[in-house]
There are 2 protein chains.
Amino acid sequence: MTTERPGRRATIADIAARAGVSPTAVSFALNDRPGISEHTRARILAAVAELGWRPNVAARALGGRRADTVGLVVARPARTLGIEPFFAQLVSGLQARLSTDLVALQLLVVEDLSAEVDVYRRWAAERRTDGVVVLDLERDDPRPDELVRMGLPAVLVGGDGTPGPMPAVFADDHAAMTSLAEHLAALGHVHVGHVGGIPAYVHSARRVAALHDAGARLGMNITTVPTDFSQDEAAAATRALLARDERPTAIVYDSDVAALAGVTVLAEAGLGVPGDISLASFDDSELVRLAHPPLTAMTRDTFELGELVAETVLSLVRGESVPDVVRAPTPELTVRGSTGRVPEVAA
Amino acid sequence: MTTERPGRRATIADIAARAGVSPTAVSFALNDRPGISEHTRARILAAVAELGWRPNVAARALGGRRADTVGLVVARPARTLGIEPFFAQLVSGLQARLSTDLVALQLLVVEDLSAEVDVYRRWAAERRTDGVVVLDLERDDPRPDELVRMGLPAVLVGGDGTPGPMPAVFADDHAAMTSLAEHLAALGHVHVGHVGGIPAYVHSARRVAALHDAGARLGMNITTVPTDFSQDEAAAATRALLARDERPTAIVYDSDVAALAGVTVLAEAGLGVPGDISLASFDDSELVRLAHPPLTAMTRDTFELGELVAETVLSLVRGESVPDVVRAPTPELTVRGSTGRVPEVAA
DNA sequence: GACGCCGACTAAAGCGCTTTAGCGACGACA
DNA sequence: TGTCGTCGCTAAAGCGCTTTAGTCGGCGTC
């Protein structure tokens, strides 16, 4: 156990004294730099262990070194984050990978994009983080350029798969949505509703495009209703779809939370799933697995995605070469009980 | 906008030069210390704004000041965190309150308690965080004493409401569980199952005690099955309860996620809720509101709880006086469609 | 008119590391 | 034998702030 010194905590000087060397030697030993004999190094490490000493991160960072911290700023209402499995899983994965390298994750939730950029500016000026992870890329998003300008290394999650000003981790939403559309087409569905996300988001737009492309190709009639990802709007969108003259025989939801809201609306309307109408969620998660019936969804390992993003940002801040576009696995179709053949009557 | 200097970023010396004063004056102006005239202060602040300068946090922390960071270490499997609304909401609330004071939240997920203590030790030695938030208090928990020993300020969430070695934010689980028991008793339930949490957790134990106390008082027969909070165990526990000779007419779940698992088991067993059996969840959340039928639950604002905890830890690290026990609002009963009168046959 | 005090400010030290420059000893090489 | 290179290590500067200990001029007091 650590022997508490009276008053102040141990510093590098205490270690040096105890090992009978200079502070420089301690620093060299600690950072695996050459010029310290094995014998001396061992003595130093022993002193470190005995006093339970750790270099003060602030002092370390001051010497122009890294802060060993990666930042994540999310521009969404703080209260809604708690129910987004995607987000929570991503953070868990990020955290898991970062912590193996003793790098901390700094989390911040803000109101909007401009507040988000302000935070980046602050962090960059304060040297608080070595790099950041950027989510929910939008069309003409100001963040990449701003980040380049302020010299804060960043990794984008999402994007359109084309090389941009900074590395991006990209999952092929288009291919994923296409396979979901093909699944529905194979079951005979023609009129398909789509409860989409925020159109400004690049990934939302890409999903809409994919679904409509596939619809055109496979002779399906797609109706997309955009939402802000909230349950209220998802429920309203579902009701709107049900009220259409040509009522859809299947509805695709952009997120798991939205899909659950949809399940509730259908239950209230007395419609059976998949007997009367088929449901599918683009995001898979515990939530849709627990629904009754469990929902057909595009499965991806979001935790793993987080790890991949962390890996990328770690390489980036270390100055290692990072590909412009890191491909994450494409989500794969998991068929569960919520999708079935189109009902006879409506066929 | 900031004028980028060639090479290095602005430091306090640049601001001082621009304002025609000494670095000391800049520091004083920034920290609202007396001894700077209004006129000079204004000139300094103008220079700060023009260069978009922010004090380097590392340099600041090095001067023995605060790190402006609060830590949260969670000893649970990282993958399960993503589906715990309680946890996500708490973090959101914490974050929201901390960020208004520009204090960062450091998140870390570890395997077990001993790894958690190691992280505290590291953080204390590195001066990385000013204080920490401790969750999931256990019986004979080693953490409070260890934290006191290493001099890391901490706030406990949970606990038993008695003053301990450090401030605790306490919600009266006992009273909450009692009101849930009374609700079931009023509906005529006698045989009540309880899918509990990890018995080592103080809050789990307190809930069990409350339920059994109320049972004794109200003539109910309570059967508690402990679980590790996972859905698998919750499902298994539910099946075990259903298989009992004296099948319960109501089941209480300690968490929302567990309750959802229970809903699925009942649906598979062909039992109607609340026709055949009543269900209630101790934790309320979006999840149980979305279930069909929506579940009766004990409602509390976890986001607000997070804010309260943040408030407490902020006071603590600032050296302000903090009560030993901060009382959070007691969760309140929200009756929804999942609890009903005990069925005739079983009554 | 001498003294003390106060307000406004500065010089310099110090926080705990990392890093650069350099030093002495020793062996290799010519 | 002299020189150079290398190894193992140290002295000292420097990172960008905060803080302590002043300095200096003006004003009130007796």
Item to complete: Residues of residues 26-33 of chain A with any non-hydrogen atom less than 4.0 angstrom from an atom of DNA chain C: list those, numerically ordered, please.
Response: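 Heavy-atom contacts with DNA chain C come from A:Ser27, A:Phe28, A:Asn31, A:Arg33.
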
Worksheet entry | Sidechain-backbone polar pair: A:Asp130 side chain, A:Arg66 backbone, donor-acceptor under 3.5 Å |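 Judged by distance alone, no pair lies under 3.5 Å.
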
If I take atom [atom1] in residue [X] and atom [atom2] in nucleotide [N], what distance separates them, rounded to the nearest angstrom?
X: B:Arg54; N: D:dC17; atom1: CZ; atom2: C1'; answer: 15 Å
X: A:Asn56; N: D:dC15; atom1: CG; atom2: C1'; answer: 13 Å
X: A:Ile12; N: D:dC9; atom1: CD1; atom2: C1'; answer: 14 Å
X: A:Ile15; N: C:dC17; atom1: CD1; atom2: P; answer: 8 Å
X: A:Leu62; N: D:dA13; atom1: CG; atom2: P; answer: 17 Å

Worksheet entry | Under-4.0 Å side-chain N/O to phosphate OP1/OP2 contact, B:Arg60 with D:dT18 |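 Yes, within the criterion.
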
Worksheet item: Between A:Ser22 and D:dT10, is there a side-chain N or O to OP1/OP2 distance below 4.0 Å?
Response: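 Checking D:dT10 against A:Ser22, a side-chain N or O does come within under 4.0 Å of OP1 or OP2.
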
Under the salt bridge (Lys or Arg N to Asp or Glu O under 4.0 Å) test, which residues partner [X], sequence neighbours left out?
X: B:Arg139; result: none
X: A:Glu320; result: none
X: B:Asp32; result: B:Arg41
X: A:Arg128; result: A:Glu126

Worksheet item: Is there a residue in residues 34-46 of chain A whose heavy atoms reach under 4.0 Å of DNA chain D, and which residues are they?
Response: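 Those residues whose heavy atoms fall under 4.0 Å from DNA chain D, taken from residues 34-46 of chain A in numerical order, are A:Gly35, A:Ile36, A:Ser37, A:Thr40.
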
Item to complete: Establish, from distance only, whether the side-chain atoms of B:Thr40 and B:Ser37 form a donor-acceptor pair under 3.5 Å.
Response: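 Yes, a side-chain donor-acceptor pair sits under 3.5 Å.
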
Worksheet item: Side chain of A:Ala25: nearest nucleotide among C:dC17, D:dC15, D:dT10?
Response: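 My answer, after comparing the listed nucleotides, is D:dT10.
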
Worksheet item: Looking at residues at least two apart in the chain, or sitting in another chain, which of them share a ring pair (Phe, Tyr, Trp, His ring centres under 6.0 Å) with A:Tyr201?
Response: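 So A:Tyr201 forms a ring pair (Phe, Tyr, Trp, His ring centres under 6.0 Å) with A:His203.
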
Worksheet entry | With sequence neighbours excluded, residues passing side chain to side chain donor-acceptor pair (under 3.5 Å) with A:Asp141 |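 Side chain to side chain donor-acceptor pair (under 3.5 Å) list for A:Asp141, sorted by chain: A:Arg143.
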
Discussion item. Taking donor-acceptor contacts at under 3.5 Å, does the side chain of B:Thr24 reach the base of D:dT19?
Written reply: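 Between D:dT19 and B:Thr24, which were checked side chain against base, a qualifying N/O pair under 3.5 Å is present.
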
Side chains of residues 151-163 of chain A: which donor-acceptor partners sit under 3.5 Å, not counting sequence neighbours?
unit_1, atom_1, unit_2, atom_2, d
A:Asp160, OD1, A:Thr162, N, 3.1
A:Asp160, OD1, A:Thr162, OG1, 2.7
A:Asp160, OD2, A:Thr162, OG1, 3.4

Worksheet item: Between the two end axes of the helix from C:dG1-D:dC30 to C:dA30-D:dT1, each built from 5 base pairs, what angle do you get to the nearest 10°?
Response: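 Axis angle across the helix from C:dG1-D:dC30 to C:dA30-D:dT1, nearest 10°: 50°.
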
Contacts table for residues 103-110 of chain B: side-chain donor-acceptor under 3.5 angstrom, sequence neighbours left out:
none

Item to complete: Mind jotting down which residue pairs meet the salt bridge (Lys or Arg N to Asp or Glu O under 4.0 Å) criterion with at least one end in residues 97-109 of chain B? Sequence neighbours excluded, please.
Response: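 As it turns out, the salt bridge (Lys or Arg N to Asp or Glu O under 4.0 Å) pairs with a partner in residues 97-109 of chain B, which skip direct neighbours, are B:Arg97-B:Asp101, B:Arg97-B:Glu311, B:Asp101-B:Arg318.
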
